[in-house]
Amino acid sequence: MSEFKTVRGMRDFLPQDARTLRYVEAKTREVAELYGYREIVTPVVESYELLTAKAGDEIRSRMFTFKDLGKRQVALRPEFTASIARIVATTLRNEPKPFRLFCAGSVYRYDEPQKGRYREFWQSDYEIVGSNSAEADVEIILLTHRLMRAVGLWRFAFKIGHIGVLRGILSQEGLDEKVQNSVMQLMDKKRYEDAFDLLTDGGISKRAADVLRSLIEIKGNSPFETVEKIEACVKGYEKSAEAAANLRKILRLVVDSGCNIDITVDAGFARGLEYYTGLIFEVYVPEMGTALGGGGRYDRLIELFGGEPTPATGVAHGLDRIMLALQGERADTQTLKRAVTIIPLKEELRSEALRISEMLRNAGTPVEIEVMGRKIAKALEDADRRGVSHVVIVGERELKENAVVVRNLAKREQVVVKIEKLAKALMD
Ligand code: AMP
């Protein structure tokens, strides 16, 4: 029989990576609580129809889809938004607005595997439902900023745009929505010439094409100057001008929040998903070309899922990419506490070692116990190799005095500590 391997694009998370993933996930939950987002858990498997309803060709063509044994066409979720829209349009339809929802878990896309791009990956997702105000958009940006800081990232930057600026021109030109979506997807991939070919085929005026060509060149990291350029460029296109004014308002609030955020405003920025209607943004770290997270406003999505017209805005963060960025920033996450190892010097002391380890766990100290029956020298060598910070040695002589030996492996020092004071001693 050939050797078993993981399926292409799927990964095992061995203890260190699993721990970092759960650490990042725990931070996403802390941020959710800080901002009042309540967690929901949705199924990994949803109906194909739901997931494709508004997903955009890009995601639709990359879904893991199959028929279940009851012959239902189902798929693994490629994102959380469709599931949330389903819940908002059905179970939570009468919930007083606004409300905030959070979820975290694995999502699946048949992407081409490479660094930072997998077929099974983890996202945290925050959605604020029922508010069309700029403050709601700002909240999504601020909580993303806070999450980056909370996991331990310092050098990151936001790219911000507004889908209404581009779409305003296309709508005023009477361009069919389907064609608009295709144009946005091409622009998302920076395939501007193909986008302009489609626009010409769609019959847009030369003036509009010229405005769009100038617009996609507007980009800068002084937000208000850049918005001013956008406003000047779209004069005469009412909907685009409104969108630019909305973008200005959002940026004003972000700056006024006192949160020092590095922002590039990019008028040619489009996101592949069809459902965005307003602000769009992504967050990056300098050493990675791909986004750590992205989101925006989608005011028409809930009604497309059969709900009342409901404005909403949200963001999804890629936890795997956050982990990669953390590796670039520093070797390990300092809050990941290493366990203490307990080693009994003799077989007869094993029950005493077990008793002490339970006592330490009761006090919240992570403990591993030596289970190989090895001699002390070998057990210490092994603890050292695994990066354990402290070893508790249970020996007969000290036990008579109700004490044990605590050895600090990094400093190669050891002291005798009374058992009743052990938990505290290990915390220092
Ligand atoms: P999206 O909804 O496509 O903007 O995805 C949100 C975030 O998920 C992105 O900003 C990435 O951080 C992450 N992401 C998207 N696709 C992948 C993938 N194939 N592998 C790992 N992370 C991904």
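We count residues from 1, following the sequence as given. The basis for the numbers below is simple: all heavy atoms, side chains too, and nothing from hydrogens, waters or symmetry mates. We count ligands from 1, going down the list as the structure has it; atoms in each ligand are counted the same way.
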Nearest protein heavy-atom contact for atom 16 (N) of ligand 1: which residue, which atom, what distance? F121 CZ, 3.3 Å

Taking 4.0 angstrom as the limit, do E25 and R29 come out as a salt bridge? yes

Is L292 touching ligand 1 with its side chain, its backbone, both, or neither, if touching means heavy atoms under 4.0 Å apart? backbone

Would you compute the distance between atom CZ of F281 and atom OG1 of T313 and round it to the nearest 0.5 angstrom? 7.0 Å

Using distance alone, decide if ligand 1 has a nitrogen or oxygen within less than 3.5 Å of any nitrogen or oxygen in A316. no

For atom 12 (O) of ligand 1, what's the nearest protein heavy-atom neighbour? Residue, atom name and distance, please. A291 O, 2.8 Å

To which protein heavy atom is atom 13 (C) of ligand 1 closest, and what is the distance rounded to 0.1 Å? G318 CA, 3.7 Å

To the nearest 0.1 Å, how far is atom 7 (C) of ligand 1 from its closest protein heavy atom, and which atom is that? Q123 NE2, 3.7 Å

Winner among R117, R109, M288, E79 once heavy atoms are compared against atom 3 (O) of ligand 1: R109

Can you classify the ring geometry of Y276 versus Y298 as parallel (below 30°), tilted (30 to 60°) or perpendicular (above 60°)? perpendicular

Decide side-chain hydrogen bond (donor to acceptor under 3.5 Å, both in side chains) for T277 and Y275; before the verdict, give the C-alpha distance in whole Å, the side-chain angles of both, and the deciding distance to 0.1 Å. CA-CA 6 Å; T277 53; Y275 48 66; over 6 Å; no

Side chain, backbone, both or neither: D320 near ligand 1, heavy atoms under 4.0 Å: neither

Is any NZ, NE, NH1 or NH2 atom of the basic residue among R213 and E217 found under 4.0 Å from an Asp or Glu carboxylate oxygen of the other? no

Would you call K378 and D382 a salt bridge, using N to O less than 4.0 angstrom? no

For ligand 1, is there an N or O atom under 3.5 Å from any N or O atom of Y118? yes

